[in-house]
Amino acid sequence: QVQVVESGGGLVQAGGSLRLSCAASGIIVSIYSMGWYRQAPGKERELVAHISSGGSTNYADSVKGRFTISRDNAKNTAYLQMNSLKPEDTAVYYCSAFVDVMTYWGKGTLVTVSS
């Protein structure tokens, strides 16, 4: 009933920027929180950034000062602005949305940062 779709991934040189989008659609009463996670080959999935319905944010230490999460509640959409990208940021980025009483996940979008 609920779908989450990420977009905006791609190839970028170190030091560059990308903006990811995450749109939730379907039968939704409210989205309590949304978050971005990433997973690189051979590594565990990790939290990148999180934002509550009230706008409170949380970031992984590795991205603080470089990434910014935001959301548009009217559009049920979250964004991740990524600046000063590093090769170690290369990963599949996943969006999650805590909708009503369930958590939903997108299929992911690949971000590749070249040296």
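From a predicted model like this one, the values you see are computed outputs, not experimental measurements.
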> Can the positive tip of Arg19 be found less than 6.0 Å from the middle of the six-membered ring of Tyr79, inside 45° of the ring normal?
Replying inline: yes
>> So for atom CD, which belongs to Glu88, do other residues, nucleotides or ligands contribute more than 12 heavy atoms lying within a distance under 6.0 Å?
In response: yes
>> Tell me whether the count of non-hydrogen atoms from other residues, nucleotides or ligands lying under 6.0 Å of CD in Gln39 goes above 12.
In response: yes
> Taking the side chain from Asn58 and the backbone from Ala49, do they hold a donor-acceptor pair closer than 3.5 Å?
Replying inline: no
> When you measure from the side chain of Asp100 to the backbone N and O of Ile28, does any donor-acceptor pair fall under 3.5 Å?
Replying inline: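 No, Asp100 side chain to Ile28 backbone: no donor-acceptor pair under 3.5 Å.
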Roughly how far, to the nearest 0.5 Å, is the [atom2] atom of [Y] from the [atom1] atom of [X]?
X	Y	atom1	atom2	answer
Glu46	Ser62	CD	OG	5.0 Å
Tyr59	Ile69	OH	CD1	6.5 Å
Leu11	Ser114	CG	OG	5.0 Å
Arg66	Ser17	CZ	OG	10.0 Å
Ser115	Lys86	OG	NZ	13.0 Å

>> Under the criterion side chain to side chain contact (heavy atoms under 4.5 Å, CB included), I'd like the reasoning laid out for Leu80 against Glu6: C-alpha separation, chi angles, the key distance, then a yes or no.
In response: CA-CA 10 Å; Leu80 185 68; Glu6 306 96 336; over 6 Å; no
Are [Y] and [X] connected in a single hydrophobic cluster, I mean Ile/Leu/Val/Met/Phe/Trp/Tyr linked by side-chain heavy atoms less than 4.5 Å apart?
X	Y	result
Val29	Val101	no
Ile31	Leu20	yes
Met82	Ile51	yes
Trp105	Val5	no

So, do [X] and [Y] sit near enough that their side-chain heavy atoms are less than 4.5 Å apart?
X	Y	result
Gln81	Ser70	no
Asn83	Leu85	no
Val111	Asp89	no
Phe67	Val48	yes
Ser33	His50	yes
Met102	Val99	no

>> For Tyr93 and Arg38, which I'm curious about, is there any donor-acceptor pair between the side chains at under 3.5 Å?
In response: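 Yes, a side-chain donor-acceptor pair sits under 3.5 Å.
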> Between Asp72 and Thr77, does any side-chain donor sit less than 3.5 Å from a side-chain acceptor?
Replying inline: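 There is no such pair (donor and acceptor under 3.5 Å, judged by atom type) between the side chains of Asp72 and Thr77.
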> Can you name the side-chain hydrogen bond (donor to acceptor under 3.5 Å, both in side chains) partners of Asn73, sequence neighbours left out?
Replying inline: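 Counting only residues at least two positions away or on another chain, Asn73 forms a side-chain hydrogen bond (donor to acceptor under 3.5 Å, both in side chains) with Arg71.
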> Taking only residues two or more places apart in sequence or in another chain, which ones pass side-chain hydrogen bond (donor to acceptor under 3.5 Å, both in side chains) with Thr90?
Replying inline: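 Scan of Thr90 (side-chain hydrogen bond (donor to acceptor under 3.5 Å, both in side chains), adjacent residues dropped) gives none.
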> Taking all atoms of both residues into account, what is the closest heavy-atom pair of Cys22 and Val4, and its distance?
Replying inline: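 What the structure gives for the nearest pair is SG-CG1, 3.4 Å.
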> Between Ser21 and Trp36, which heavy-atom pair has the shortest distance, and what is it?
Replying inline: O-CH2, 3.5 Å
> Mind checking who shares a hydrophobic cluster with Ile27, ILVMFWY linked at side-chain heavy-atom distances under 4.5 Å?
Replying inline: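 Members alongside Ile27: none; it stands by itself.
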> Taking the inter-plane angle between the rings of Phe98 and Tyr32 on a 0 to 90° scale, is it parallel (under 30°), tilted (30 to 60°) or perpendicular (over 60°)?
Replying inline: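 Plane angle between 30° and 60°, so tilted.
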